[in-house]
Amino acid sequence: MKEKSGKIIGLGLESSCDETSASVVVDGRKILSNRIYSQVELHCEYSGVVPEIASRAHLEKINTLIEMALDESRLKFSDLDYVAATNRPGLTGSLLIALQSAKAISFAMDIPLIGVNHLEAHLYAPFLEGNEPAYPFIGLLISGGNTALYRVNGPGEMVLIGKTVDDAVGEAFDKVSKYIGLGYPGGPLVESLARESALKKVFFPKIMTDPDDTRFSYSGLKTAVINHIKQNPDQNKADIVYSFQERALELLVRRLFTASRKSGINRMVVAGGVAANGRLRELIESERKNNEEVLIPSPLMCTDNAAMIAGISYQYYIRKIFDSYAIDVSAKP
Ligand code: KG4
């Protein structure tokens, strides 16, 4: 395996849910391009992602995004050392679009194909923003489809500590938002409405209070919010979502620091769409002690993007861990 330019250049592709993306990354750290097409407008009227619409939109956009990513990097297919795509978890029809494109490029250019666990890629995002990749760390993955805590020992070595037993935290934000009539995706809308609360009072009880439990649960809190609104239809909605958000985020912060302090691993990474939440960042900062490090990607890098796919793949490339042309559609987080 001989690098073409002295540097290792990877093309990453992503289409697991409702973002199509292509990115070129050098040495697993430097982003040359990170083109993202968000389908949010297509799914808005359904208040959630419609799989068939998603896969069709990926198919329409992927070639253009690949061309844009290479042009922006001033590179050609022949400059690439590897190509990577998410192969799990995700919507099957959507996953296939980036993965099949990556297979074609791998075959045509005779370069390695690397299939990527989307969740592991999210947790790599801070290492593309100036932080050197360093293992082990405690990883909290929070999005619309996942809420899970891991001990990450190295590339491909994620040990699950706990995950949600029902809804993901982003899903709870989306459902509360939909019930109030704010729109989709709900997270940013709930966050900005909560900021308008004059009361700033937390009246929902703490959730999942057993300190030895490592799991998460959001279905009960979501139902409590909906019942509360039914019983108090005239109460200011900003005050209600403030109270909801505090409780939803408090559980994340508590589980994260408990896992870190119990394991003695004081480096933490928080990633996924919900990690864009500004209030979460405040709560983490006020809980963090001086000897603890919490890496959270910039809001853009919290959402699905292909730079994180190309980035984590570099770690596999240097370890010579390549993929067959298989797709794992049964994978769960
Ligand atoms: O990781 P992501 O872009 O897509 C997947 O779910 O795979 O995450 C989207 C989720 C949505 O549920 C959205 O409402 C939530 O992240 N989200 C937020 C915020 N921004 C996005 N949740 C809370 N606060 C935010 N600022």
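Both ligands and their constituent atoms are indexed starting at 1 by order of listing.
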Distance filter under 4.0 Å to Gly145 heavy atoms, resulting ligand 1 atoms | 6 (O)
Report, in ascending order of atom number, the atoms of ligand 1 lying under 4.0 Å from any heavy atom of Gly170.
-> 12 (O)
Centroid separation Tyr317 to Tyr314 less than 6.0 Å | no
Going from CG on Leu70 to OG on Ser33, what distance comes out if it is rounded to the nearest 0.5 angstrom?
-> 7.0 Å
Separation between NZ (Lys7) and NZ (Lys30), nearest 0.5 Å, reads 8.0 Å
How close does the nearest protein non-hydrogen atom get to [atom], and which residue and atom is it?
{"atom": "atom 18 (C) of ligand 1", "result": "Gly187 CA, 3.4 Å"}
{"atom": "atom 7 (O) of ligand 1", "result": "Asp304 OD2, 3.8 Å"}
{"atom": "atom 17 (N) of ligand 1", "result": "Gly273 O, 3.7 Å"}
{"atom": "atom 10 (C) of ligand 1", "result": "Gly144 N, 3.4 Å"}
{"atom": "atom 15 (C) of ligand 1", "result": "Val274 CG2, 3.9 Å"}
{"atom": "atom 26 (N) of ligand 1", "result": "Glu191 OE1, 2.8 Å"}
{"atom": "atom 11 (C) of ligand 1", "result": "Asp174 OD2, 3.6 Å"}

Does the side chain of His122 come under 3.5 Å of the side chain of Asp304 through a donor N or O and an acceptor N or O?
-> yes
Is there a donor in the side chain of Ser217 and an acceptor in the side chain of Asp166, or the other way round, less than 3.5 Å apart?
-> yes
Fit a plane to each ring of Phe244 and Phe173, take the angle between them on a 0 to 90° scale, and name the class: parallel (under 30°), tilted (30 to 60°) or perpendicular (over 60°).
-> perpendicular
Assign the ring pair Phe127 / Tyr124 to parallel, tilted or perpendicular, where the plane angle (0 to 90°) is split at 30° and 60°.
-> perpendicular
Do any nitrogen or oxygen atoms of Asn277 lie less than 3.5 angstrom from nitrogen or oxygen atoms of ligand 1?
-> yes
State whether the side chain of Arg35 and the backbone N or O of Glu67 hold a donor-acceptor pair below 3.5 Å, judged by distance alone.
-> no
Contact region, Pro188 to ligand 1, non-hydrogen atoms below 4.0 Å, reads both
